[in-house]
Amino acid sequence: MNASEKKWSLTTRVLVGMGSGVLAGFIIRSFFADVALVQHYLVDGLFLVGGKIFIASLNMLVVPLIFVSLVCGTSSLKDISTLGRLGGKTLALYLFTTAVAITLALVMGELFKPGEGADLVSSSTFAAREAPSLAEVIINMFPTNPINAMAQGNTLQIIVFAVLFGIAISLAGKHGERIAALFVDLNEVIMKLVALLMNLAPYGVFCLMAQLFTSLGLDAILNLLEYFLVLAGTLLLHALVTYSTLFRVFTGLSPITFLKKMEDAVMFAFSTASSNATIPVTLETTTRRMGVENRVASFTVPLGATINMDGTAIMQGVATAFIAQAFNIDLSFNDYLMVIMTATLASIGTAGVPGVGMVMLAMVLNQVGLPVEGIALIIGVDRLLDMIRTAVNITGDAVVTCIVGKSEGAMNLVRFHDPHAGEKEEDVHFDKH
């Protein structure tokens, strides 16, 4: 019985759901593409509804989870100055990994030259939306109406209000202690809800994959195969080498153990293509599976979902090189430096939702004088690559969370080394010593 339970862990069930969905999608596309009943009741019916409900259920948890968890973490700080140190470390690490990611992408783009000889004729066009300036992003971090910020799902504004509210609780004496206890109980209830919804993941993932692959043909990938392989390879290189190196250097812990414990979160990120929707799973993974205390993870994970866009930065780097080569435009060393700087700064305030990378890419292309219309060349395969990018992004969130947690003495090493930690639903508390 135990062996059977092990065999069919959540990761295994999600993988089965994902593989079954891909297979179902290809079968429908190959044999039932012209059957109206199949398209209407299965693709646009069951698959669409199932996938949308799965994403909606995850997004439903994001706002209450960020707010309650962050209030818990901030109000538990004995010394408020710790928060400034925590924020400084987190922001510096996120910006550093993004700069490394974009540099790696540009090097790979120049090394393999995926855009040489590309077909420039595109049947679609891309209208770039204007990206907000850094000043606007900073100003917009502070909510005029926190309830409205929660209703709109504005992550940065929710983080700022939750931190201020948590600080007020910690300074309010006995009155604050009663409120803090209420938030601790609320946090446990929300995490139980996360565990319940995670059991539905295999079915949601099946619906998402099935619908995606009924519309995504192999011809779209084959036409851009070199670009696809260079970008996917760079994303994997960054996830497996850059993150593993940083993790080993700054924590002294095993990157292999870390990557094994990231399985569930990576599967969720890949299937949803949304850093924000994956926040509940990433937070549960870093606290219950890896032993990082909530006071650290509740701050670093939501912030990372908002500003840590390493996967998107890699896409921008490879896509910039691809478009420049496709249009036979030579970029100077200064242009490359401009791309690195622009993409790194653009990651701040980038919402963790599908497709937002295209807006940031338009800004990067404008900075170095490349035609924004070139984005239309790569849109065909972007949805699939977006899934890989998101998996890389949340892996970076977890790496930084562990590094900051270890440096703050807020990481339970016994729990990290325990391969079964956090697997049981009732296993919700951990010793901090």
Side-chain angles (χ1 to χ4, degrees), residues 7-62 119 121-127 153 193-194 196-225 227-228 232 264 266-278 280-281 352-358 375-391:
K7 180 182 178 182
W8 292 99
S9 64
L10 178 63
T11 304
T12 304
R13 285 184 284 131
V14 169
L15 279 171
V16 170
M18 188 177 293
S20 302
V22 172
L23 182 62
F26 273 127
I27 290 173
I28 291 172
R29 182 179 175 83
S30 302
F31 302 105
F32 302 99
D34 299 323
V35 181
L37 284 176
V38 172
Q39 291 295 319
H40 183 71
Y41 289 105
L42 207 56
V43 179
D44 297 328
L46 179 64
F47 295 160
L48 177 66
V49 171
K52 291 284 186 183
I53 289 175
F54 174 55
I55 296 292
S57 65
L58 287 174
N59 281 324
M60 171 185 69
L61 295 174
V62 171
D119 181 11
V121 178
S122 175
S123 58
S124 59
T125 59
F126 181 81
L193 185 56
V194 172
L196 290 174
L197 288 176
M198 283 174 69
N199 289 321
L200 299 175
Y203 309 104
V205 168
F206 170 81
C207 291
L208 286 170
M209 293 296 104
Q211 194 196 21
L212 174 64
F213 282 91
T214 54
S215 59
L216 183 68
L218 285 175
D219 52 340
I221 298 175
L222 292 174
N223 289 340
L224 293 166
L225 185 60
Y227 167 78
F228 184 92
D264 289 348
V266 166
M267 289 296 104
F268 271 77
F270 183 81
S271 57
T272 62
S274 171
S275 297
N276 275 358
T278 314
V281 189
V353 294
V356 76
M358 289 300 175
I375 295 178
L377 294 170
I378 59 175
I379 277 181
V381 294
D382 188 66
R383 182 65 176 84
L384 191 55
L385 289 167
D386 199 8
M387 297 159 70
I388 306 174
R389 291 201 298 269
T390 307

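Here, residue 1 is the first one in the sequence, and each next residue gets the next number. From a predicted model like this one, the values you see are computed outputs, not experimental measurements.
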Quiz item: Do you know the tightest heavy-atom contact between Met387 and Ala273?
Solution: CG-CB, 3.9 Å

Self-check item: Arg29 versus Phe213, closest heavy-atom pair with distance
Solution: CD-O, 3.9 Å

Self-check item: Pair Asp382 + Arg389, salt bridge at N-O below 4.0 Å
Solution: yes

Quiz item: Any idea which heavy atoms bring Ser271 and Met18 closest together, and the distance?
Solution: CB-CE, 4.3 Å

Practice problem: May I ask you to decide if Ile27's main-chain N or O and Ser30's side chain share a donor-acceptor pair within less than 3.5 Å? | Solution: no

Quiz item: Side-chain contact, heavy-atom cut-off 4.5 Å: Phe31 with Val38?
Solution: no

Quiz item: From Asp34 CG over to Gln39 CD, what is the distance, rounded to the nearest 0.5 angstrom?
Solution: 8.5 Å

Quiz item: Could you state the interatomic distance from OG1 (Thr272) to CG (Leu58), rounded to the nearest 0.5 Å?
Solution: 6.5 Å

Quiz item: Between Phe270 and Ile388, is any pair of side-chain heavy atoms under 4.5 Å apart?
Solution: yes

Quiz item: Can you name the nearest heavy-atom pair linking Asp386 to Thr390, along with the distance?
Solution: O-OG1, 2.8 Å

Quiz item: Atom CZ in Phe26, atom OG1 in Thr214: separation rounded to 0.5 Å?
Solution: 10.5 Å

Quiz item: Would you call Asp264 and Val14 a side-chain contact if the rule is heavy atoms closer than 4.5 Å?
Solution: no

Self-check item: Closest contact, heavy atoms only, Cys207 versus Gly51
Solution: CB-N, 3.5 Å

Exercise. Check whether any side-chain heavy atom of Phe32 sits under 4.5 Å from a side-chain heavy atom of Leu37, and report yes or no.
Key: no

Self-check item: Nearest-0.5 Å distance, OG of residue Ser274 to CG of residue Asn59
Solution: 5.5 Å

Quiz item: Any side-chain heavy-atom pair from Tyr41 and Leu46 closer than 4.5 angstrom?
Solution: no

Quiz item: If we only count heavy atoms from C-beta on, is the Arg13 to Asn199 side-chain gap below 4.5 Å?
Solution: yes

Self-check item: Spacing of CG belonging to Leu48 relative to CG belonging to Leu42, to within rounding of 0.5 Å
Solution: 11.5 Å

Quiz prompt | Shortest non-hydrogen separation from Met198 to Val281 and the atoms involved | solution = CE-CG1, 4.1 Å

Quiz item: Do Phe54 and Val205 come within less than 4.5 Å of each other through their side chains, counting heavy atoms only?
Solution: yes

Quiz item: Residues two or more places apart in sequence or in another chain: which of them pass side-chain contact (heavy atoms from CB on, under 4.5 Å) with Leu61?
Solution: Leu193, Val194, Leu197, Pro280

